[in-house]
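Single-structure report; data block below.
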Amino acid sequence: MDGADDQRPAIAGRVADWYREDHRDLPWRRPGFTAWGTLVSEFMLQQTPVARVIPRLEEWLDRWPTPADLAASPAGEAVRAWANLGYPRRALWLHAAAVQITERHGGDVPRDVEALLALTGIGDYTARAVAVFSFGDRHPVVDTNTRRVIARAVHGQGQPGPPHARRDLAAMDALLPDDDGDAAVVNAAMMELGAVVCVARSPRCDECPVAELCAWRATGYPAYDGPTKGVQKAYEGSDRHVRGLIMRELRAAHVPVTDAEIASLWPESVQRDRALAGLLADGLAVRSSRGGYLLP
DNA sequence: CACACGTGGAT
DNA sequence: TATCCAAGTGT
């Protein structure tokens, strides 16, 4: 992967050309979409598919068009509006970030990666996604899509290994052209390629703009032999499941949910109590002064 | 660093 | 039906 046979510039160039030719028309790619809109969309897109995010995003931005608008609402309203996007703590984090933006940055989403990283719920991916896609600065943006495309096209492996921030950022950075705008396109294009062509299950290599440059394809699609991801635990009957049932009840309620109502949601008291205690500890639920439980 | 954290669609 | 997967982050 060094010297004259480095295919990375060619890969980046072709993926960028492919993206410029055509790509999905997504709300956050509209001209004039605000930095706040980008930030909200990135929070929602953390582990939730694009198709489920779009309607919620529109509602959210209609209701809270600026960070200050969200900061002025109770955190529980953010959790309620989050609806069934999943991982409701993200709604809490987004609300906290809105408060921090209002307090620290005069209500304007910061441009610096360091300042973005200091906000609750923003990590390596989201900080750089905002800096690049909203502000146009040059940073590597690494998500599950780019990790997979790099693993295949550059490293010849069917799947990316376990995430390693330092290494992953460097690998993406090595694909970026010098120009800020061109680099932003490569970031977006690598994500798009991973999302619609170089997908996890059945990659559509016949439609891939870098098929002839792909190291994985060139070596006959060798089976992945690296470290495997841990086995995903069953959702049915898990603590997550019980937490989800309780949160659904809290979102629907506009008066305190009683212990009896909570008890009706899950038969095993030990697990039920553990789930509720976890939600209280996470700040997703609070005890009402009248008894019962409410969103914060 | 491995794990916990929701939810629903696809295979 | 069971499993995989989805624009990750915090601990």
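The sequence lines fix the lettering, A, B, ..., with proteins before strands; numbering per chain opens at 1.
Within 4.0 Å (heavy atoms only), A/R248 reaches no atom of the nucleic acid at all. A/R243 comes within contact range of the sugar-phosphate backbone alone, with a heavy-atom separation under 4.0 Å but no base atom that close. Across all strands, A/I246 comes closer than 4.0 Å to no nucleic acid atom at all (heavy-atom distances). Nucleic acid contact for A/R29: base, since at least one base atom lies under 4.0 Å from a heavy atom of the residue.
The gap from the P atom of C/dA7 to that of B/dA4 amounts to 23 Å, rounded to the nearest Å. A distance of about 22 Å separates the C1' atoms of B/dC1 and C/dA6, rounded to the whole Å.
Taking every nucleotide of DNA chain C with any atom under 4.0 Å from a non-hydrogen atom of chain A, the first and last of them, 5' to 3', are C/dC4 to C/dG10.
Here A/H241 and A/W266 bring their ring centres to under 6.0 angstrom of each other. Taking the six-membered ring for Trp, A/W60 and A/W82 have ring centres closer than 6.0 Å.
Heavy-atom distances under 4.0 Å link DNA chain B to A/N84, A/L85, A/G86, A/Y87, A/P88, A/R89, A/R90 of residues 73-95 of chain A, given in residue order. Of the residues in residues 38-53 of chain A, those lying under 4.0 Å from DNA chain C by heavy-atom distance are A/E42, A/L45, A/Q46, A/Q47, A/P49. Contacts between residues 109-139 of chain A and DNA chain B, defined by a heavy-atom separation under 4.0 Å, are absent. The stretch residues 271-285 of chain A has no heavy atom under 4.0 angstrom from DNA chain C at all.
Not counting sequence neighbours, the partners of A/R147 by the salt bridge (Lys or Arg N to Asp or Glu O under 4.0 Å) test are A/D168.
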